[in-house]
Amino acid sequence: MLLKRRRARAGARARHAAERAVDRADGRLPVSEGGRLLRKAFPEHWSFLLGEIALYSFVVLLLTGVWLTLFFKPSMTEVVYDGSYEPLLGLSMSEAYRSTVDIGFDVRGGLLIRQLHHWAALVFLSAIGVHLLRVFFTGAFRRPREVNWLIGVTLFLLALVEGFAGYSLPDDLLSGTGLRIAQGIMLSVPVVGTYLSMFAFGAEYPGEDIVPRLYSLHILLVPGLLLALVTLHLILVFHLKHTQWAGPGRTDRNAVGKPMFPQFVTNSTGLFFMVSGVLTALAAVAQINPIWAYGPYRPDVVSFGSQPDWYVGFLEGSLRLMPPFETAVWGHTVMWNVLVPAVVLPGALFAVLYAYPFFERWVTGDHGEHHLCDRPRDKPVRTGLGVAAICFYGVLLLAGGNDILAHVFDVSINLLTWVFRISLVLLPPIAFMVTKRVCLALQERERERLDEGAETGQLSQTLAGGYVESHAPLDTEERYVLRSRREPEPLAPTAPGGEAPRVGRLRAALSEWYYGDRVDVEEAEPEDSRPDSSPEALER
């Protein structure tokens with residue numbers, strides 16, 4: 001009995017001390033709020049992992065990048081190579097190239113870490129791009145997530161700059177060719193092009209300052225911006241709650257999924273190790289960017305078949321497809337064949353990405369909050385526009401390697417260039433029309449399934465001698481998902497809020513274009529839309 005009383009008193013003192021410690025910490029830190037945060041629900045779907053893959057690739061990039069900074073020398077001072085890679089012995093090169101080669105051949109584990117860094121960069125950009133596509137096709141950019149969409153597009157833009165800067169640091173023949181193209185793009189800007197080039201390179205091309213400046217940009221400025229925007233992006237995800245797919249018990253007022261701790265944290269940690277393991281395996285078995293095979297950069301030499309990384313390949317393609325065209329204005333020559341594809345086109349593409357959420361909201365007149373994801377087939381016009389944009393980008397990407405394709409398939413490069421030019425004009429609208437019709441056909445098929453039920457494959461003979469197939473009712477979840485689609489009515493051709501008549505008519509015409517072709521379904525049962533009361537559902 002005495003031992004039990006002592007244990008009880010010791011337990012009471014421990015609980016009292018723990019309560020006091022929590023109270024003191026809560027007075028200085030958001031401890032109680034953090035406890036509620038640990039029970040935040042995260043919906044489950046494979047498409048939601050794309051953002052996490054981008055995040056964990058970025059973590060690998062930071063870790064490997066810090067390690068590489070210990071050995072890389074960002075200097076363009078000329079040295080003579082005397083390292084362990086014999087084919088380069090006695091060649092004159094920059095210290096940047098020399099230190100990169102030394103990382104690969106003279107630093108233990110250096111080649112693995114360098115290739116891991118490069119593969120992580122490619123996966124990082126790919127994951128951001130596919131994640132943006134997922135957000136676009138599911139309508140997850142709508143209110144209240146417009147700011148997060150803008151942050152995501154800015155992250156993608158900064159990642160492009162970060163990738164190009166890191167790709168150019170080794171000062172090898174391939175990256176030097178890319179820098180030469182970048183300098184030509186700067187020079188194409190009217191009036192200030194020469195000043196931009198002199199500022200970037202510090203002198204006449206190639207100068208001696210471009211690598212140190214890119215190094216500061218690559219390890220300090222852009223990573224800092226990326227970290228800040230990633231943090232802000234995650235804060236907004238937590239604050240606005242995660243989107244989820246429509247289903248029984250899932251509404252705009254709740255989130256159904258696993259709590260953050262311990263289920264989501266455990267799964268997410270496993271995904272981090274999987275991403276790291278796959279990247280490490282790629283770095284170990286798949287060679288990438290072998291700069292020792294290219295050699296040091298020389299302004300009078302261009303390597304055969306020079307191709308940039310995929311994320312800037314569309315710029316290469318746009319430059320190759322643009323016909324030669326220039327204009328002399330007041331003694332100045334405007335090089336349209338460089339300015340339009342390399343400056344105007346990328347600027348227009350990112351301007352469209354930034355503006356699209358607000359454009360769709362203006363066209364559709366939809367100002368409500370949305371926390372349920374759209375199925376791409378339920379928004380034929382938006383899906384068609386996305387597929388058309390992918391085709392446009394794909395043609396440019398393939399055109400960036402027209403010389404390689406011509407060499408491999410033994411076709412005329414001029415013929416191939418014209419094929420890509422025609423495809424760039426015709427393929428996107430064809431892809432839009434085909435995608436829209438496919439989406440509408442899928443909607444029509446789903447309405448038939450709602451009316452008739454699912455095919456069972458069982459045939460029965462009628463009294464007239466014919467055969468009919470029996471149908472079974474759809475399950476509750478599938479019926480709910482199919483009935484959850486709601487298409488708003490096109491806007492009337494009026495001018496609300498003092499809007500100009502012409503603008504109102506334009507808006508009504510665009511709204512009719514968005515929602516004119518539609519396949520309506522019957523209303524969902526009221527009981528299906530009730531919030532889920534299970535412990536895995538968290539009320540918004």
Side-chain angles (χ1 to χ4, degrees), residues 43-54 126-143 145-146 148-149 152-153 156 242-248 250-252 349 352-353 355-361 363-366 368-394 427-450 474 477-490 510-521 524:
E44 292 183 278
H45 194 267
W46 66 265
S47 62
F48 298 153
L49 300 179
L50 296 170
E52 293 184 52
I53 293 175
S126 302
I128 292 179
V130 179
H131 179 61
L132 283 174
L133 289 176
R134 197 277 300 176
V135 171
F136 176 83
F137 283 117
T138 61
F141 55 81
R142 295 170 297 173
R143 183 184 177 192
R145 295 175 178 82
E146 302 97 331
N148 239 0
W149 170 263
V153 175
F156 186 62
H242 207 292
T243 56
Q244 59 185 347
W245 293 97
R250 300 173 186 173
T251 70
D252 283 327
L349 290 177
V352 170
L353 288 175
Y356 185 83
F358 310 99
F359 171 76
E360 183 176 298
R361 185 175 62 187
V363 168
T364 61
D366 184 4
E369 289 193 1
H370 298 275
H371 301 284
L372 295 177
C373 295
D374 289 331
R375 295 187 308 162
R377 68 181 64 180
D378 293 340
K379 303 295 180 181
V381 173
R382 181 202 296 156
T383 303
L385 290 174
V387 173
I390 292 173
C391 291
F392 185 83
Y393 175 84
L427 191 58
I430 292 175
F432 171 80
M433 291 185 290
V434 171
T435 302
K436 182 179 177 182
R437 299 316 304 175
V438 169
C439 290
L440 291 173
L442 291 173
Q443 292 182 24
E444 184 66 33
R445 174 58 180 157
E446 289 177 344
R447 186 173 67 178
E448 292 178 1
R449 285 171 57 82
L450 279 174
L474 302 180
E477 183 172 357
E478 186 175 4
R479 289 180 66 85
Y480 180 89
V481 172
L482 297 185
R483 288 176 169 180
S484 64
R485 175 166 53 87
R486 295 291 176 266
E487 294 294 333
E489 294 291 337
L510 290 174
S511 180
E512 177 68 24
W513 178 56
Y514 259 77
Y515 296 123
D517 296 329
R518 52 196 294 157
V519 179
D520 293 319
V521 296

Hey, are the side chains of Leu349 and Tyr393 touching, using non-hydrogen atoms and a 4.5 Å cut-off? no
Do Phe432 and Val381 make a side-chain contact, defined as non-hydrogen atoms from C-beta onward lying under 4.5 Å apart? yes
Where the side chain of Gln244 meets the backbone of Thr251, is there a donor-acceptor pair that is under 3.5 Å apart? yes
Quick one: do Arg375 and Glu446 make a salt bridge, cutoff under 4.0 Å? yes
Criterion side-chain contact (heavy atoms from CB on, under 4.5 Å) against Val363, the qualifying member of Trp513, Tyr514, Tyr515: Tyr514
Do the side chains of Val130 and Arg134 get nearer than 4.5 Å, heavy atoms only? no
Aromatic ring pairing Phe136/Phe141, orientation class (parallel under 30°, perpendicular over 60°, tilted between): parallel
Using only atom types and a distance under 3.5 Å, with no angle test, would you say the side chain of Asp252 pairs donor to acceptor with the backbone of His371? yes
Electrostatic pair Arg447-Glu444, nearest N-O below 4.0 angstrom: yes
Is a side-chain donor or acceptor of Thr243 paired with a backbone partner of Cys373 at a separation under 3.5 angstrom? no
Compare all side-chain heavy atoms of Val352 with those of Phe359 and state whether any distance is below 4.5 angstrom. no
Would a 4.5 Å heavy-atom cut-off, applied to side chains only, mark Asp374 and Phe137 as touching? no
Do side-chain atoms of Arg145 reach the backbone of His370 as a donor and acceptor pair under 3.5 angstrom? yes
Gln443 (side chain) donor-acceptor with Arg377 (main chain) under 3.5 angstrom: yes
